[in-house]
Amino acid sequence: MEEVETTLIINPLDDIAKLKALASEPRIQMLSLLRQKTLNINEISDTLKLPQSTVATHISILEDAGLIITESVKAKKGNQKLCHPSFRELLVQFPEKKDESSDYVDIEMPIGLFTDCQVTAPCGLCSSEKIIGLLDIPDSFLNPDRMKAGLLWCGSGTFEYKFPNNYLKDSKKVNKLEVSMELSSETPGTNSNWPSDITVWINKTEIGTWTCPGDFGDKRGKYTPLWWKLEGSQYGLLKHFSVSEEGSFIDGEKISDVKLSDLHMSEHHSIRVRVGVKENSEHVGGMNIFGKGFGNYNQGIILRSYFDHS
């Protein structure tokens, strides 16, 4: 069987078949049953007190819409069709309208593809399926499986990522860089009132520090897998760090006078993005970086390069 996705996102403009499949009380009841356990058509029929032929028709509609997965297996007499859900959570979401006036290129880096890391315990990393290496052992971050990581955490320290430098390859001039990532503080268990000073550097130049308010665990992250304990960090806040000739900003609020020209981009073949918690910060409250398969945004670290129209 193929792996069940944690969240199925439905675009109501394109996924009409899925919406029509959901517009039925019996089919909703079937999906609710299948989220709890795998059942065959006879078992669904018995539970819902519906004729087998009716159930088979509904199951066919759900399968055609991609809402369930069926598997034919041998039974005592002939074969039986086992039914599995293709999701654990369903989200209907309209796509965001792209600003046609914007001219930019995005590069998304998996959080496990760091090129350098210096961390202190508590620390660890995991994929959407399991813990990678050993907890609180910094050498675990050398594990080749780190490429699959969906969550990284540390008490203090830094992670660095190398992005290709579009400044050198594009004829248009870059006028702003923006780095976005999902972050939270880190403490044993969780604590929404646990501040941590998280700093970002680009090309070894410190552009500014954001004080994260806490380590969030009041509810499960939208994409956080079910095996991950509820007592662990569940999600972070999506932060946007940007640099232009006007200075450096976090979510549009100026944090320093470091300008794009201070990064000397034309002198580097890569753009180095470093994020971490300095040991001499006022609030050394650790850091979680959420990537694909964890948190609320299901993204890696995204570097966006904005270009001049001139």
Side-chain angles (χ1 to χ4, degrees), residues 7 9 91 93 95-99 101-115 117 125 128 149-154 158-167 170 174-186 196-216 221-224 233-256 258-260 263 265 270-277 287-307:
T7 302
I9 299 178
L91 177 66
Q93 179 175 295
E96 292 186 9
K97 185 177 180 181
K98 184 177 179 180
D99 183 359
S101 65
S102 297
D103 188 3
Y104 60 81
V105 172
D106 282 348
I107 303 174
E108 183 171 2
M109 186 72 66
I111 65 170
L113 281 182
F114 47 83
T115 53
C117 100
L125 66 166
S128 58
L151 178 64
L152 309 174
W153 67 94
C154 63
T158 61
F159 296 93
E160 184 174 271
Y161 302 84
K162 281 187 179 181
F163 291 82
N165 187 354
N166 291 315
Y167 190 96
D170 203 293
V174 175
N175 60 26
K176 184 171 77 169
L177 285 181
E178 180 182 272
V179 180
S180 66
M181 62 190 93
E182 185 176 355
L183 301 166
S184 80
S185 307
E186 163 58 22
S196 187
D197 296 333
I198 299 177
T199 301
V200 169
W201 297 258
I202 298 179
N203 287 350
K204 298 184 178 181
T205 300
E206 182 177 328
I207 67 167
T209 297
W210 167 64
T211 300
C212 179
D215 184 2
F216 307 108
K222 184 186 299 183
Y223 297 98
T224 300
S233 306
Q234 293 295 317
Y235 63 91
L237 301 176
L238 186 63
K239 308 305 294 182
H240 297 79
F241 300 82
S242 62
V243 187
S244 68
E245 283 308 309
E246 285 71 48
S248 295
F249 302 79
I250 296 179
D251 297 334
E253 181 177 345
K254 191 169 184 179
I255 53 171
S256 79
V258 174
K259 300 177 182 179
L260 191 62
L263 305 182
M265 289 178 54
S270 63
I271 299 174
R272 295 187 176 190
V273 175
R274 183 179 288 263
V275 55
V277 177
M287 177 178 67
N288 282 280
I289 305 178
F290 297 84
K292 291 276 191 178
F294 269 87
N296 281 345
Y297 294 94
N298 203 37
Q299 69 165 64
I301 297 175
I302 297 177
L303 175 68
R304 175 171 292 183
S305 302
Y306 289 87
F307 298 94

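The first residue of the sequence shown is numbered 1, and numbering continues consecutively from there. Computed from a predicted model, the values in this text were never measured in an experiment.
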Next on the checklist: Test your reading of the model: is there a side-chain donor-acceptor pair from Q234 to the backbone of G221, 3.5 Å cut-off?
Outcome noted: yes

Checklist entry - Counting only N and O atoms by type, is there a donor-acceptor contact under 3.5 Å from the side chain of E206 to the main-chain atoms of W201? => result no

Checklist entry - Within a radius of less than 6.0 Å around NZ of K254, do more than 12 heavy atoms belonging to other residues, nucleotides or ligands occur? => result yes

Next on the checklist: With ring-ring contact (aromatic ring centres under 6.0 Å, His included) as the test, pick out the partner of Y235 among F216, F294, Y297, F290.
Outcome noted: F216

Next on the checklist: If I take atom CG from residue L238 and atom OG from residue S180, how far apart are they, to the nearest 0.5 angstrom?
Outcome noted: 5.5 Å

Next on the checklist: When you measure from the side chain of T224 to the backbone of G295, do you find a donor-acceptor pair of N or O atoms at a distance under 3.5 Å?
Outcome noted: yes

Checklist entry - Are any non-hydrogen side-chain atoms of Y306 and D103 less than 4.5 angstrom apart? => result no

Checklist entry - Rounded to the nearest 0.5 Å, how far apart are CE of M109 and CG of L303? => result 8.5 Å

Next on the checklist: Walk me through whether I271 and I202 qualify under side chain to side chain contact (heavy atoms under 4.5 Å, CB included).
Outcome noted: CA-CA 7 Å; I271 299 174; I202 298 179; 3.9 Å; yes

Checklist entry - Between V179 and M181, is any pair of side-chain heavy atoms under 4.5 Å apart? => result yes

Checklist entry - Closest heavy-atom contact between A149 and G112? => result CB-CA, 4.1 Å

Item to check | E253 atom CD, over 12 foreign heavy atoms within 6.0 Å | outcome: no

Item to check | Full working for side chain to side chain contact (heavy atoms under 4.5 Å, CB included) between I255 and F249 | outcome: CA-CA 5 Å; I255 53 171; F249 302 79; 5.5 Å; no

Next on the checklist: I want to check something: taking the side chain as every heavy atom from C-beta on, are E245 and N175 in contact at a cut-off of under 4.5 Å?
Outcome noted: no

Item to check | K259 versus G247, closest heavy-atom pair with distance | outcome: CG-N, 4.3 Å

Checklist entry - Are side-chain heavy atoms of E178 and V243 found at a separation under 4.5 Å? => result no

Next on the checklist: Using only atom types and a distance under 3.5 Å, with no angle test, would you say the side chain of S244 pairs donor to acceptor with the backbone of E246?
Outcome noted: yes

Checklist entry - Is a donor on one side and an acceptor on the other found under 3.5 Å between the side chain of N288 and the backbone of W153? => result no

Item to check | Which atom of S184 lies closest to which atom of G214, heavy atoms considered | outcome: CB-O, 3.7 Å

Next on the checklist: Has D197 got a side-chain atom pairing as donor or acceptor with T211's backbone, closer than 3.5 angstrom?
Outcome noted: no

Item to check | Between T209 and T199: side-chain donor-acceptor atoms closer than 3.5 Å | outcome: yes

Checklist entry - Hey, mind stepping through V258 and T205 against side chain to side chain contact (heavy atoms under 4.5 Å, CB included) and telling me if it holds? => result CA-CA 8 Å; V258 174; T205 300; 3.8 Å; yes

Checklist entry - Looking at CD of Q299 and NZ of K292, how far apart are the two atoms once the value is rounded to the nearest 0.5 Å? => result 8.0 Å

Checklist entry - Any side-chain heavy atom of L152 within less than 4.5 Å of one from F114? => result yes

Next on the checklist: Quick check for you: to the nearest 0.5 Å, what is the distance between L183 atom CG and K239 atom NZ?
Outcome noted: 9.0 Å

Checklist entry - How far does CD1 of I289 sit from CD1 of I111, to the nearest 0.5 angstrom? => result 6.5 Å

Next on the checklist: So V273 and F159, do their side chains get closer than 4.5 Å, heavy atoms only?
Outcome noted: no

Item to check | L237 side chain reached by P213 side chain, heavy atoms, under 4.5 Å | outcome: yes

Checklist entry - Do N298 side-chain atoms and G293 backbone N/O form a donor-acceptor pair below 3.5 Å? => result yes

Checklist entry - Rounded to the nearest 0.5 Å, what separation is found between the CG atom of N165 and the OG atom of S305? => result 7.5 Å

Item to check | Candidate pair L125 and L151, rule side chain to side chain contact (heavy atoms under 4.5 Å, CB included), full reasoning | outcome: CA-CA 6 Å; L125 66 166; L151 178 64; over 6 Å; no

Checklist outcome for this item: What one should report as the nearest heavy-atom pair of M287 and V277 is CB-CG2, 3.8 Å

Next on the checklist: Is there a side-chain contact between P164 and I107 in this structure, where contact means two heavy atoms from C-beta onward sitting under 4.5 Å apart?
Outcome noted: yes

